[in-house]
Protein chains: 2
Amino acid sequence: MVAVERSAQSGFSRLTEALSDPAREAMVSALFGGKALPAGELASLAGVSPQSASAHLQKLTEARLLSVLQQGRFRYYRIADDEVAGLIENLVNVAARGNQAERARGLPTPLRQSRTCYCHLAGQLGVALRDGLVGRELIVLHGRQASLTEQGLAWCRAEAIDFKPGRDPHMRLCNDWTERVPHLAGPFANAILKRLIETHALAPHRVPRALRLMPKGRAFFERLGAPIPF
Amino acid sequence: MVAVERSAQSGFSRLTEALSDPAREAMVSALFGGKALPAGELASLAGVSPQSASAHLQKLTEARLLSVLQQGRFRYYRIADDEVAGLIENLVNVAARGNQAERARGLPTPLRQSRTCYCHLAGQLGVALRDGLVGRELIVLHGRQASLTEQGLAWCRAEAIDFKPGRDPHMRLCNDWTERVPHLAGPFANAILKRLIETHALAPHRVPRALRLMPKGRAFFERLGAPIPF
DNA sequence: CGGTCATTTCAGAATTCAGTGAAGCTTTGG
DNA sequence: CCAAAGCTTCACTGAATTCTGAAATGACCG
């Protein structure tokens with residue numbers, strides 16, 4: 001064998017290898033909702049023993065796909081960051097494409113309209129949120145990041161959104177895989193979604209990650225000046 | 001074992017499994033340039049024997065990541081479609097992130113400015129192209145797809161771009177992973193890139209997939225009314 | 001038609017990987 | 001301090017993957 005110097009390339013096989021097991025897929029899928037879950041729960045969700053789960057979770061964290069947060073005797077695992085979440089969503093979409101002879105015009109409508117991506121808002125509603133915030137100059141985009149303006153801060157207070165801008169960039173753009181246009185990700189986007197859910201402006205849908213837009217939510221987008229396309 | 005009904009989920013582990021081998025990564029990376037390559041060449045590029053390569057290529061095609069085109073006694077493999085190409089680019093980006101202690105502000109500048117993604121134009125120039133075409137109403141977007149207008153057809157003739165619209169959608173939006181904004185993919189986008197390269201408006205860069213913008217290319221974007229951000 | 005080339009298929013051996021039971025570590029609670 | 005809970009580590013087994021050499025397929029060429 002000539003050993004053609006199998007150069008490390010970008011090395012994405014480290015990532016895909018970590019994601020190439022059904023049990024690990026189940027764990028990542030369970031965590032994709034955005035919540036952090038303890039190892040034991042992930043084990044039973046994936047249908048494997050605690051020991052196996054531990055090994056799987058180690059692989060996933062070593063690949064930097066998950067991060068751990070130890071609290072007492074529990075170890076809470078979660079998706080490492082939005083970038084990884086975006087990758088997972090991309091994988092899910094490409095995988096779904098081949099499976100079911102193409103779902104007519106893409107995903108089921110509820111998922112297209114409004115859903116959670118990791119722990120922020122995605123779908124048509126996610127895009128509308130971004131457009132609204134940009135249009136009212138509550139946030140400004142610079143390249144792949146964004147930040148809150150003074151008016152944006154005031155808007156947060158008015159809408160009772162619990163967010164204090166830290167020193168690091170508090171927003172990023174995350175590509176929306178149904179709308180093909182970026183929506184907002186990061187701590188600020190998470191705070192908005194949290195507020196929308198706790199005020200019942202958005203409610204969980206029958207379809208797993210989808211959300212239902214309630215009258216209160218419609219009013220929220222109305223106030224923001226963001227037209228809702230449905 | 002309790003058999004917690006390890007439901008098929010979205011089944012992305014089929015995809016990731018196919019991508020989880022260094023040799024297969026090397027093959028996919030080699031094909032990412034957009035060209036179709038015969039099995040033997042892929043074997044030597046990946047540094048494996050023809051027999052091994054054959055097995056690897058079978059896995060990749062079964063996962064619908066690659067497609068085959070038989071010509072005589074050669075079998076040309078290539079990336080299945082833009083959707084897969086987008087996934088690969090996403091993987092490369094997430095993988096690169098963890099590797100090199102973060103490359104300052106993302107990718108090396110040449111790649112950010114202009115590069116090939118599968119076989120269409122990406123990076124800041126790719127985004128500029130989309131903006132220009134949309135702004136001049138040479139194409140119209142509907143959701144995740146786009147189509148050429150009458151004026152667009154005329155523009156093609158004027159620019160000597162070899163493209164005849166078929167009956168199927170000839171354009172899709174592909175998320176740009178450096179700019180976080182979609183650029184154009186699909187046959188039409190490929191035809192444009194082909195023309196830009198054959199007229200030496202764009203030339204290969206020292207950096208693998210990057211492109212250099214030549215005076216002729218600058219003029220092309222000038223005519224289109226698409227501002228170049230560098 | 002025989003020979004070669006590109007590629008695949010088919011056996012086997014070697015390696016790698018997921019799962020299991022036992023044991024260890026750390027935290028919690030009495 | 002002891003006992004239990006939550007999780008991990010270790011050593012090992014069985015299964016899945018990968019590689020290699022030999023042989024088969026099909027296309028091309030003289």
Side-chain angles (χ1 to χ4, degrees), chain A residues 1-6 9 11 13-31 35-63 65-78, chain B residues 1-6 9 11-28 30-31 35-63 65-78:
Chain A
M1 181 80 299
V2 192
V4 181
E5 184 194 352
R6 189 178 294 177
Q9 306 276 4
S13 53
R14 303 290 280 207
L15 288 188
T16 44
E17 145 102 58
L19 290 170
S20 69
D21 181 275
R24 293 198 283 270
E25 171 181 350
M27 292 175 174
V28 169
S29 297
L31 291 171
K35 284 200 295 235
L37 297 174
E41 193 155 342
L42 288 169
S44 73
L45 282 172
V48 297
S49 68
Q51 309 101 290
S52 290
S54 185
H56 287 305
L57 290 167
Q58 188 174 11
K59 293 199 172 176
L60 287 168
T61 46
E62 270 171 7
L65 292 164
L66 299 184
S67 63
V68 207
L69 178 67
Q70 180 137 14
Q71 270 187 15
R73 52 184 163 179
F74 293 87
R75 293 186 72 138
Y76 289 92
Y77 287 87
R78 60 175 174 177
Chain B
M1 175 83 300
V2 193
V4 182
E5 186 195 350
R6 188 178 294 177
Q9 305 275 4
F12 68 72
S13 53
R14 303 289 281 208
L15 287 187
T16 45
E17 144 108 58
L19 292 169
S20 68
D21 180 275
R24 292 197 285 268
E25 170 180 350
M27 292 175 173
V28 169
L31 292 171
K35 284 199 296 232
L37 298 174
E41 191 155 342
L42 288 169
S44 74
L45 282 172
V48 297
S49 68
Q51 309 100 296
S52 292
S54 183
H56 286 306
L57 290 168
Q58 190 174 7
K59 292 198 174 181
L60 286 167
T61 45
E62 271 173 6
L65 292 164
L66 262 44
S67 64
V68 208
L69 179 67
Q70 180 136 14
Q71 269 187 15
R73 50 184 165 177
F74 294 86
R75 299 190 94 195
Y76 288 92
Y77 288 87
R78 60 174 171 178

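Letters go in sequence order (proteins before strands), and every chain restarts at 1. It should be emphasised that the depicted structure is a prediction, and the values quoted were computed from it without experimental measurement.
Mapping B:V68 and A:Q71 onto DNA chain C via the closest heavy atom, the residue that lands nearer the 5' end is B:V68.
Atom-to-atom, CG of A:L57 to P of D:dC7 comes out at 10 Å; the value is rounded to the nearest Å. Residue B:Y76 contributes atom OH, which lies 17 Å from atom P of C:dC5 at whole-angstrom precision. Look at CZ on B:R24: it is 9 Å from P on D:dT17, rounded to the nearest Å. Rounded to a whole Å, the CG atom of B:L37 is 15 Å from the C1' atom of C:dA6. Atom-to-atom, CZ of B:R14 to P of D:dA16 comes out at 13 Å; the value is rounded to the nearest Å. When the P atom of C:dA23 is taken as reference, atom CD of A:Q51 falls 13 Å away, rounded to whole Å. To the nearest angstrom, C1' of C:dA6 lies 10 Å from CD of B:Q70. Across the protein-nucleic acid pair, B:F74 atom CZ and C:dT7 atom C1' stand 10 Å apart, rounded to whole Å.
For the pair A:S20 and B:T16, the tightest heavy-atom approach, listed with the atom from each and the gap, is CA-OG1, 3.4 Å. Of all heavy-atom pairs between B:Y77 and B:A39, the closest is CE1-CB, 3.9 Å. Here the shortest heavy-atom pairing between B:R24 and B:A18 reads NE-O, 2.5 Å. The two residues A:A30 and A:L45 have their closest heavy-atom pair at CB-CD1, 3.8 Å. The two residues A:F74 and A:P38 come nearest to each other via the heavy atoms CD2-CB, 4.1 Å.
Remark: A:K59 is in phosphate contact with C:dA18, judged by side-chain N or O atoms under 4.0 Å from OP1 or OP2. Note on B:R75: every side-chain N or O is 4.0 Å or more away from OP1 and OP2 of C:dA6. Between A:S49 and C:dT20 there is a side-chain polar atom (N or O) within less than 4.0 angstrom of OP1 or OP2.
Counting only heavy atoms from C-beta on, B:P50 has its side chain closest to C:dT8 among C:dT8, D:dT17, D:dT9. Closest approach to the B:H56 side chain among D:dT9, D:dC7, D:dT18 is made by D:dT18 (side chain taken as heavy atoms from C-beta onward).
When heavy atoms are screened at a 4.0 angstrom cut-off, B:Y77 is found touching the sugar-phosphate backbone but no base atom.
Side-chain to base pairing of B:R73 with C:dC5: one donor and one acceptor N or O lie within less than 3.5 Å of each other.
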